[in-house]
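See below for the structure under consideration.
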2 protein chains.
Amino acid sequence: MPTTIRDVAKKLNISVYTVSRALDGYDDVAEQTRERVIQTANKMGYAPNRAARQLRRQKAETIGFIIPSISKRFNEPFFTEFVSGLGEELSSRNFDLLVSNAKTDDAERQLYHRWVNSRKVDGFILNRIRRHDWRVSFLSQWGIPFVALGKSEDGIEYPYVRIDAADEYLDLVNHVQKNGFSQFAFIGGPTDLVNQIDRLKWFRFATKKCGLEVPRDYIISTDMTSRGGYEATSALLNSRTPPDAILCVNDEAAFGALHAAREHGLTVGTDIAVAGFDGIQDSLHAEPPLTTLDIPVADIARQLAGMLLETLSERPLELTEIVIRPKLLTRASTGKQVNRSVDQ
Amino acid sequence: MPTTIRDVAKKLNISVYTVSRALDGYDDVAEQTRERVIQTANKMGYAPNRAARQLRRQKAETIGFIIPSISKRFNEPFFTEFVSGLGEELSSRNFDLLVSNAKTDDAERQLYHRWVNSRKVDGFILNRIRRHDWRVSFLSQWGIPFVALGKSEDGIEYPYVRIDAADEYLDLVNHVQKNGFSQFAFIGGPTDLVNQIDRLKWFRFATKKCGLEVPRDYIISTDMTSRGGYEATSALLNSRTPPDAILCVNDEAAFGALHAAREHGLTVGTDIAVAGFDGIQDSLHAEPPLTTLDIPVADIARQLAGMLLETLSERPLELTEIVIRPKLLTRASTGKQVNRSVDQ
DNA sequence: CTGAAAGCGCTTACAG
DNA sequence: CTGAAAGCGCTTACAG
């Protein structure tokens with residue numbers, strides 16, 4: 001039998017109203033009374049029943065994050081860093097984080113529906129935004145607040161964080177080229193992913209600017225897993241004219257590329273250059289350490305959570321767009337001359 | 001304005017009771033009525049308000065998992081596989097999973113208290129059990145159901161899963177010895193961790209059985225991170241009489257050991273053997289691939305979730321202990337003669 | 001500043 | 001088989 005607000009009130013011989021107001025810090029309770037209430041509540045181990053409060057306030061004080069079915073592995077390092085950031089920010093603001101993963105697109109839709117209909121969450125954080133994204137249309141149609149990492153092209157306004165790596169991608173291509181590599185290939189993700197579209201755009205822009213020619217079949221679409229990166233790289237290396245620089249849409253794919261290159265008897269950094277994107281922790285421990293464009297994943301997640309809470313709070317949200325620029329981390333996987341060595 | 005049970009009842013001109021009973025599948029509603037109720041409810045997009053149901057039923061239908069503060073990284077692969085398994089099992093049974101992580105021991109205690117007092121969860125899943133574990137005493141004292149991976153020595157009964165790797169550890173030591181290594185060291189975890197205690201015990205038992213002498217300072221306690229493994233291995237290799245076989249308490253520490261060995265100019269598998277424990281996915285992609293004792297982490301998590309739900313269901317739980325035996329995966333990190341090559 | 005009372009949306013004994 | 005009613009534990013207009 002957990003303590004209820006009634007127990008606390010009875011103990012102090014005051015009304016439940018006073019207890020409630022005192023604990024929520026309203027100023028219509030005498031200072032002295034509040035003190036006594038807080039002390040007694042703590043001593044009795046009282047915490048408001050969540051369900052009752054939610055029912056009454058018509059708020060769940062919970063945020064949902066559903067790992068898109070598009071990603072095969074729940075445990076992609078990217079997601080764990082992301083979830084970690086969300087969890088930190090939310091719990092520090094007394095919100096809960098409900099996480100789930102869907103195997104299929106259908107299951108994913110059902111999850112959104114269920115969480116929306118049963119009022120389990122007050123809002124959602126989205127990720128892996130697609131150019132046309134049913135989640136965006138669905139949520140905005142139902143009037144459910146959400147924020148996202150990436151902007152869809154559905155013509156719907158919402159607060160978001162986006163990454164701009166145009167300049168840094170140019171730096172990367174320059175760096176790799178200076179290290180003696182010239183046949184650039186790009187191992188990308190699903191073609192409708194905003195991430196993929198942006199990163200490929202930067203790749204094209206940078207290689208063009210550097211006077212590099214990129215054959216059509218040097219641009220490959222994968223599922224962004226290390227297996228995908230492995231298979232794409234194997235195929236490239238087995239072609240008649242293999243590339244000598246492989247830039248990947250994310251670090252996971254790049255790990256697979258490293259593996260394939262080694263298996264092919266190539267020394268990464270000398271015979272071939274490989275680079276990733278995201279800057280997940282393991283990129284530093286890869287063999288050889290992976291050059292990557294580092295984005296502060298957990299920090300982005302924290303900012304997204306903050307944006308969403310502000311949206312919910314009814315206070316006007318000033319900033320509706322946050323732009324993040326990555327940091328180029330040059331490591332051994334793209335050549336010997338490592339100049340910027342400021343690494344953790 | 002989401003649809004309520006009242007809306008559905010009004011639409012059909014029946015009482016809310018009938019709607020409620022029909023949707024929950026009780027047999028005191030006419031078949032024909034039930035059909036109509038279900039159809040209408042679906043059409044109207046009705047889902048029971050979670051908070052109301054919880055308040056009435058006095059159940060949260062939610063399970064809590066708090067990542068122990070003892071682990072520095074939220075995103076240890078072990079945890080993500082574990083959480084993934086929990087999530088799958090629970091969501092398939094219509095339960096939610098509430099996950100959080102605590103930075104400090106104090107914050108961890110507070111989280112447990114808060115979730116217990118505010119009835120946010122019906123039970124907990126525990127992990128990284130210590131020999132004397134306040135979580136075990138606390139939860140059992142409050143009568144909160146829980147299950148755990150590992151058995152504490154507090155003399156408290158609870159359903160748990162434990163790992164028994166005595167035989168397999170012997171196989172591992174045999175295998176490494178046969179490959180020509182003889183100076184065994186053990187890189188372990190915090191000394192009060194049940195995991196650590198068991199694994200060290202198996203290590204001692206196996207090395208003794210194989211007639212190997214293990215100096216006192218060859219057994220090191222770390223925080224089980226790759227950094228910890230790296231530092232411990234560096235120290236060992238810089239000692240006057242370095243070991244040539246390093247068995248680690250988990251794969252993460254082993255990754256650090258690989259790194260340190262390479263940095264020391266050693267070829268892993270030839271000059272030195274390294275092995276891990278857990279069999280996380282990345283162990284296969286390490287350079288060289290890591291020999292490890294593979295335990296089915298996600299599967300264990302699924303079983304734990306199942307055990308807990310059974311405990312909550314009031315049906316008697318028959319099985320109160322599940323024993324898991326790991327599978328030895330011999331790979332290149334412990335020598336060239338890889339015999340059992342059945343790898344995914 | 002404080003108290004008595006209504007109501008959030010369900011579920012379920014209690015009558016019929 | 002169905003309906004009217006109570007109550008889970010809160011929060012908050014409404015009186016005083």
Side-chain angles (χ1 to χ4, degrees), chain A residues 1-38 40-41 44-62 94 96 114-122, chain B residues 1-38 40-41 44-62 94 96 114-122:
Chain A
M1 279 303 103
T3 322
T4 71
I5 195 170
R6 218 182 205 118
D7 299 330
V8 180
K10 213 167 272 174
K11 184 91 161 196
L12 289 167
N13 261 321
I14 58 180
S15 75
V16 292
Y17 173 90
T18 310
V19 175
S20 178
R21 300 292 284 186
L23 289 178
D24 277 358
Y26 287 85
D27 57 1
D28 58 356
V29 176
E31 181 57 40
Q32 200 193 345
T33 315
R34 167 157 58 249
E35 294 271 302
R36 275 175 57 226
V37 169
I38 289 172
T40 312
M44 298 176 77
Y46 170 72
N49 178 304
R50 192 78 170 198
R53 167 183 238 158
Q54 285 173 11
L55 180 59
R56 178 60 231 236
R57 286 209 176 146
Q58 298 285 71
K59 277 181 201 151
E61 288 169 11
T62 303
N94 261 316
D96 288 323
R114 225 179 13 181
W115 286 9
V116 165
N117 285 331
S118 59
R119 303 277 112 162
K120 275 169 57 171
V121 300
D122 298 319
Chain B
M1 281 299 103
T3 323
T4 71
I5 195 170
R6 217 181 204 121
D7 300 329
V8 179
K10 213 168 271 174
K11 183 91 159 197
L12 289 166
N13 261 318
I14 57 178
S15 76
V16 292
Y17 174 88
T18 310
V19 176
S20 178
R21 300 292 283 184
L23 289 177
D24 277 357
Y26 286 86
D27 57 1
D28 60 356
V29 177
E31 182 58 40
Q32 200 193 344
T33 316
R34 166 156 58 249
E35 295 270 301
R36 275 174 58 224
V37 168
I38 290 173
T40 313
M44 297 176 76
Y46 170 72
N49 179 304
R50 192 77 170 199
R53 167 183 239 156
Q54 286 174 10
L55 179 58
R56 178 60 230 237
R57 286 210 177 144
Q58 297 289 70
K59 277 181 199 149
E61 288 168 8
T62 302
N94 262 316
D96 289 322
R114 225 178 13 180
W115 286 9
V116 164
N117 285 333
S118 59
R119 302 277 111 166
K120 275 169 54 171
V121 300
D122 299 319

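Note that the structure is predicted; figures quoted are calculated from it, not measured. Computed over heavy atoms, backbone and side chain alike; hydrogens, waters and symmetry mates excluded. Quick note on labels: first sequence line is chain A, next is B, and so on, each numbered from 1.
In this structure, A/Asn49 CG and A/Thr4 OG1 are separated by 9.5 Å, a value rounded to the nearest 0.5 Å. Within the model, atoms CZ of B/Arg119 and OG1 of B/Thr62 stand 12.5 Å from one another, a figure rounded to the nearest 0.5 Å.
In this view, B/Arg36 and B/Leu12 satisfy the side-chain contact (heavy atoms from CB on, under 4.5 Å) rule, not counting sequence neighbours. Every residue two or more places apart in sequence or in another chain that forms a side-chain contact (heavy atoms from CB on, under 4.5 Å) with B/Arg21 is listed here: B/Tyr17, B/Tyr26, B/Asp28, B/Val29. Considering only residues two or more places apart in sequence or on other chains, B/Arg56 meets the salt bridge (Lys or Arg N to Asp or Glu O under 4.0 Å) condition with none of them. Partners of B/Lys120 by side-chain contact (heavy atoms from CB on, under 4.5 Å), not counting sequence neighbours, listed by chain and number: A/Arg50, A/Asp96, B/Leu98, B/Trp115, B/Ser118. Residues satisfying the side-chain hydrogen bond (donor to acceptor under 3.5 Å, both in side chains) test with B/Glu61, not counting sequence neighbours, are B/Arg57. With sequence neighbours excluded, the residues satisfying side-chain contact (heavy atoms from CB on, under 4.5 Å) with B/Asn94 are A/Arg114.
One interatomic measurement links the two molecules: CZ of B/Arg6 to P of C/dC8, which rounds to 7 Å at whole-angstrom precision. Look at CG on B/Asn49: it is 17 Å from P on D/dC10, rounded to the nearest Å. The distance from atom NZ of A/Lys10 to atom C1' of C/dG3 is 15 Å, rounded to the nearest whole Å. We find that CD1 of B/Ile5 is positioned 14 Å from P of C/dC8, with the value rounded to whole Å. Atoms OH (B/Tyr26) and P (C/dT11) sit 9 Å apart, rounded to a whole Å. One can place NZ of B/Lys59 at 15 Å from P of D/dG9, the figure rounded to the nearest angstrom. Separating the NZ atom of B/Lys120 from the P atom of D/dG9 is a distance of 18 Å, rounded to the nearest angstrom. Rounded to an integer number of Å, the gap from CZ of A/Arg50 to P of D/dG9 is 17 Å.
The side chain of A/Gln58 sits closest to C/dG9 out of D/dC10, C/dG9, C/dG3. For A/Thr33, whose side chain is taken as the heavy atoms from C-beta onward, the closest listed nucleotide among C/dC10, C/dT2, D/dG9 is C/dT2.
The 5' end of DNA chain D is approached more closely, in terms of each residue's nearest nucleotide, by B/Ile14 than by the other of B/Arg57 and B/Ile14. Checking B/Ala30 against B/Ala52, the closest nucleotide of DNA chain D that is more toward the 5' end is the one next to B/Ala30.
Taking only side-chain nitrogens and oxygens, A/Thr18 never comes nearer than 4.0 Å to OP1 or OP2 of C/dC1. Contact annotation: A/Gln54 side-chain N/O to D/dT11 OP1/OP2 distance is not under 4.0 Å. Applying the 4.0 Å criterion to OP1 and OP2 of C/dT11, one finds that B/Ser20 has a side-chain N or O inside that range.
Between D/dT12 and D/dG16, the distance separating the two C1' atoms is 16 Å to the nearest Å.
Under the 4.5 Å side-chain criterion, counting only non-hydrogen atoms from C-beta, A/Val37 is in contact with A/Ile14.
Sorted by first and then second residue, the salt bridge (charged side-chain N to carboxylate O under 4.0 Å, His left out) pairs involving residues 3-17 of chain A (not counting sequence neighbours) form an empty list.
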* **Dot-bracket summary - DNA chain C, pairs being Watson-Crick or G-U whose distances fall under 3.5 Å, with | when paired to another strand** => |||.||||||||.|||
Output a table of nitrogen or oxygen pairs between the protein and nucleotides 4-7 of chain C separated by less than 3.5 Å.
| residue | atom | partner | partner atom | Å |
| --- | --- | --- | --- | --- |
| C/dG7 | N2 | A/Arg56 | NH1 | 3.3 |

